[in-house]
Structures are given as C-alpha cells and as structure tokens.
Amino acid sequence: MNISNILEISKIFNSFGVDKIPSVPLDWIGSIIGWIFDLFSNFYGAVALGVIVFTLCLKTLVLPLDIYSRVKTKKQSLLMRKMKPQMEKLKKQYANDEKMYQQKVAELQKANGFSPIGACLPMIVSLIIFMTVFSSFSVYSNYATLKNYNEMVGAYNSSVEVYVQTGENDTNEQFLLGKDNNYQCDFGKFADFYATQDEEFNVEEFAVMDENAKWEVVIDFVQLGAREAVVDWYEENKVATEFGWIGNMWYPDSYFNKKVPSYSDFASSVSRALGSSNNANYELGYNEVTYNLSEQKQTPNGYFVLIVLSIGFMLLQQFIMMRTQKDTNELATVDGSGASANKWMMIIMPIMFGIFSFFYSAAFSVYMITNTLYGLITTLIINKIVTVKFENRNDDDNSYRPSKNAKRLK
C-alpha cells in the first residue's frame, strides 16, 4: 500500500473516525411514532409492533368519525334501496334526459331525507389524516435509516477511539495520535500491543519495514476491529427491525431491496432526508462502515408478501364498500355510469396501495394493512347493526316514510 492509498483511506477518518450524517428533524407525529417504537425497542419485531400499536391508537382516536361516516353511508344506502322502485320509474321516464333525471332524483332524495354529502365530510377528514400520517411515516423512515447508520458509525468510531491517545489514562493500546489531520502512530507501542493480540506477529520484521508498510499494517489492524464492531452492533440490534421474513422494516418488503442496502440505494434516503442529491462525500465512509456486511447486502429484504397483502385487503375493502353502496351507485346516473366509476375505484385504490408498499418501507405497509383490517372489521360490524336497526323499526317510525312530495314524484 503506497502513501497515496494510505492518505485516501485516512480521508474517511475524522480524528480516526467516520463522519456521521446529519439527522432528520421530526414533527410531532414523528416524535410520537418514535416514542411508541422505543417502548418496544427490546422486543423482537419492535418496529412492526410499534406500527401496529400506533395504527390501532390512531384508528381508535378517529373511530367516532369513522362510525359516523359508515353509519351515514349505510343509512343512505338503505334509504336508496327503499326509494329504488321510484327511482327506477324516474330512470325509465327520463332515460334520454340526464339533466331532468338528476333534478327529479334530487327532489325525491330531499323529500326522503337522503343526503350523500353528510357521509363525505368525515371521509375527507380521514383522508387528510391518512396523508398526514403517510408524510410523517416517510420522514420517520428516513430518520430511522440514518439513525441506524449513525449508530453503526458510532460503533465503528468507538472501536477506533480505543487506540487514540487522549493524554489521559495512557495505555499500551493507545498508539494513534490525530491532530489537525496530521495522523501519527507510535509504531513501537503498536508493535508491542499487536504482539499481545497475535502470537504470529513478528515484532522484528515489523521494525525493519518502511513507514508506508507499517501504516498499512496499522490501518488494517484498526479497520479489522472497527468493521467487526459494526457487525457486532448489527447482530445485537437487528432484532428490532426484523419481522418474520423481512430483514429490515425500514426498507420495502421486496426481493429487489436488500437487508443492508448498497450505497446507491442508501443515498436515496440521504437525498430525501437532507434535500440534496450530492452525497458522494459519504460514500467512502458508508462502504467502510458496512464493509463486513457484504452478506446482508446480497440478502433480499423480503418477498413481496406485504405488498400482496396490502393489495388484497384493500381490494376486499373496496369490494365491501361497493356492495354497501350498490344501489346508490347504480341509480346515481341515468346511464349507470356511477356503478362503473365505482368499479374502477375498486381497481385503482388497491393498485395505488400496492405502489406505496413497493416504494415505501415495510413499516408503512404494516400500517396500511392494519389500517385496512381495522376499517374492514368496524365496517362489517357497523353495517350489520345499522341494517338490523333500520329494517326492524316499527311502521310508525318516521325514519323512513315517504312524504306527500315523495308520493307526487311517483
């Protein structure tokens, strides 16, 4: 190793250490997410558990809105079903006049207390909450990615600092001195220390080497220990980010992603986090810190399971919603285009969720799956309760009784 190579390697050091990457600022939602994750930090699958708990808490918090929206939607659907005979007559009567059909339908709906807008407002609020959480999850994913890397850097640097002279409690293993980028080494102290670590090390042969060759031995020794320290940290802490078949919950459940990404993949997180695509100055340090994690860089992070589940559960949810609003959609327009539009939504929404799962972290996929499952269960329960109450009311219940105006519209 010539002196230019030695100096190139030494560029990764800042006082014989690797530079950390600036962290990502979190908003209040991100701070809550982090706090919940910290509660499970000592458990296997801490990230997945944290996501599930966070989602359940959030969905429970906004449950009154969901209940109101679903009750309204189901009631409107049941009202529409009862008005169906009248609306079908209007549909035949104004088959060639969409404008008049819509006008007569609006009069009929108003006369019978049907108002689709009431169910939309809570859904808009829920959508805003979803997009806000989506943004916070994306930021926190980048934050967690950089945090994990910086902690690996910390493990690397801690291993190196053992050998750096500080002027306090000077020991035989403190053979390095770094000041103002002028790196120095007490080669005699290093040789004595190395001899205690490796019986095959020949002190005499080392003593007659030229300075470049000595630096090569020193740097190899320091790097070997630091790289192993990173591996030790990774093995001790991966339990939190693993979950079943997924190696790292902060990367997508995809065969194309790896448990430990290459720098080019990692750089995208840095770019999003720092708002810059110029991260070349971190590449040497990243490759050095993850040098002994080459196996993890080749191991798939997942096998698309969460992506398939995201699409499947969203498809099921859309199907149930479509069935719930079947009458409303079929009679919304004279030509039945409302039902057709709803079918397209049943296709588009699952595909959109699949794209989110493919490009964003597995943690976010778990959020979407938990969110969808929670919505499915509450929807089925609410629909059942509302249907039973609505259809079992006494005849003298005025919740649905066509008014005189409604009778005139027949």
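Along the sequence shown, residues carry numbers from 1.
For the pair Lys259 and Tyr251, the cation does not sit on the ring face, since its NZ or CZ is not both under 6.0 Å from the ring centre and inside 45° of the axis.
In this structure, Lys59 NZ and Tyr367 OH are separated by 7.0 Å, a value rounded to the nearest 0.5 Å. To the nearest 0.5 angstrom, Tyr263 atom OH is 10.5 Å from Leu284 atom CG. Atom CH2 of Trp35 is separated from atom CZ of Phe54 by 12.0 Å, given to the nearest 0.5 angstrom.
In this structure, the side chains of Phe201 and Phe221 stay at 4.5 Å or more apart for every pair of heavy atoms. Between Val218 and Leu176 the shortest side-chain heavy-atom distance falls below 4.5 Å. Counting heavy atoms from C-beta outward, Ile246 and Asn301 have side chains that approach closer than 4.5 Å. Using a 4.5 Å cut-off on side-chain heavy atoms (C-beta onward), Ser23 and Leu146 make no contact. The closest side-chain heavy-atom distance from Leu224 to Asp220 is not below 4.5 Å. You'll find the side chain of Ile21 reaches within 4.5 Å of the side chain of Asn150, heavy atoms only. Put simply, the side chain of Asn292 does not reach to within 4.5 Å of the side chain of Val230, judged on heavy atoms. Counting heavy atoms from C-beta on, the side chains of Val133 and Asn371 never come closer than 4.5 Å.
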Stepwise side chain to side chain contact (heavy atoms under 4.5 Å, CB included) test for Met249 and Val51: CA-CA 10 Å; Met249 289 294 295; Val51 171; 5.7 Å; no
Test Met314 against Gln317 for side chain to side chain contact (heavy atoms under 4.5 Å, CB included), laying out the working first. CA-CA 5 Å; Met314 177 51 63; Gln317 185 183 59; 3.4 Å; yes
Side chain to side chain contact (heavy atoms under 4.5 Å, CB included), that's the test. Do Ile67 and Thr378 meet it? Break it down for me. CA-CA 8 Å; Ile67 291 176; Thr378 54; over 6 Å; no
Yes or no on side chain to side chain contact (heavy atoms under 4.5 Å, CB included) for Thr145 and Asn248, after CA distance, side-chain angles and deciding distance? CA-CA 10 Å; Thr145 297; Asn248 188 340; over 6 Å; no
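Pairs engaging residues 351-362 under the side-chain hydrogen bond (donor to acceptor under 3.5 Å, both in side chains) rule: Ser310-Ser357, Ser357-Ser365 [sequence neighbours left out].
Nearest heavy-atom pair across Cys185 and Trp215 is CB-CH2, 4.0 Å. Closest approach of Ala363 and Val47 over heavy atoms only: CB-CG1, 4.0 Å. Minimum interatomic distance between Gly302 and Asp253 (heavy atoms only, all atoms of both residues): CA-OD1, 3.0 Å. For the pair Thr60 and Leu56, the tightest heavy-atom approach, listed with the atom from each and the gap, is OG1-O, 2.6 Å. Residue Ser264 comes nearest to Ser262 through the heavy atom pair OG-OG, 3.0 Å, listed as atom of the first residue, atom of the second, then distance.
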Please tabulate, for side-chain N and O atoms in residues 231-240, each donor-acceptor pair with protein atoms closer than 3.5 Å (sequence neighbours left out).
from: Glu235; atom 1: OE1; to: Lys238; atom 2: NZ; distance (Å): 2.9
from: Asn237; atom 1: ND2; to: Trp233; atom 2: O; distance (Å): 2.7

Report all side-chain donor-acceptor pairs from residues 36-44 shorter than 3.5 Å, counting only partners two or more places apart or in another chain.
from: Ser41; atom 1: OG; to: Asp38; atom 2: O; distance (Å): 3.0
from: Tyr44; atom 1: OH; to: Gly244; atom 2: N; distance (Å): 2.8

Atom pairs and distances, donor-acceptor, side-chain atoms in residues 190-199, under 3.5 Å, two or more places apart:
from: Thr196; atom 1: OG1; to: Phe193; atom 2: O; distance (Å): 2.4
from: Asp198; atom 1: OD1; to: Glu200; atom 2: N; distance (Å): 3.0

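Relative orientation of the Phe364 and Phe137 rings is perpendicular, given thresholds of 30° and 60° on the angle between their planes.
For the side-chain hydrogen bond (donor to acceptor under 3.5 Å, both in side chains) test, no residue two or more places apart in sequence or in another chain qualifies with Thr299. Residues meeting the side-chain contact (heavy atoms from CB on, under 4.5 Å) test with Asp27, sequence neighbours left out: Ile29, Ser136.
Between the side chains of Glu288 and Tyr156, at least one donor-acceptor pair of N or O atoms lies under 3.5 Å. Between the side chains of Tyr149 and Thr290, no donor-acceptor pair of N or O atoms lies under 3.5 Å.
For Tyr255 and Phe304, the gap between ring centers reaches or exceeds 6.0 Å.
Atom CH2 of Trp245 has more than 12 neighbouring heavy atoms from other residues, nucleotides or ligands inside a 6.0 Å radius. Other residues, nucleotides and ligands place no more than 12 heavy atoms under 6.0 Å from the CD atom of Glu295.
Only one option out of Leu373, Leu376, Ile311 pairs with Leu316 in a side-chain contact (heavy atoms from CB on, under 4.5 Å); it is Leu376.
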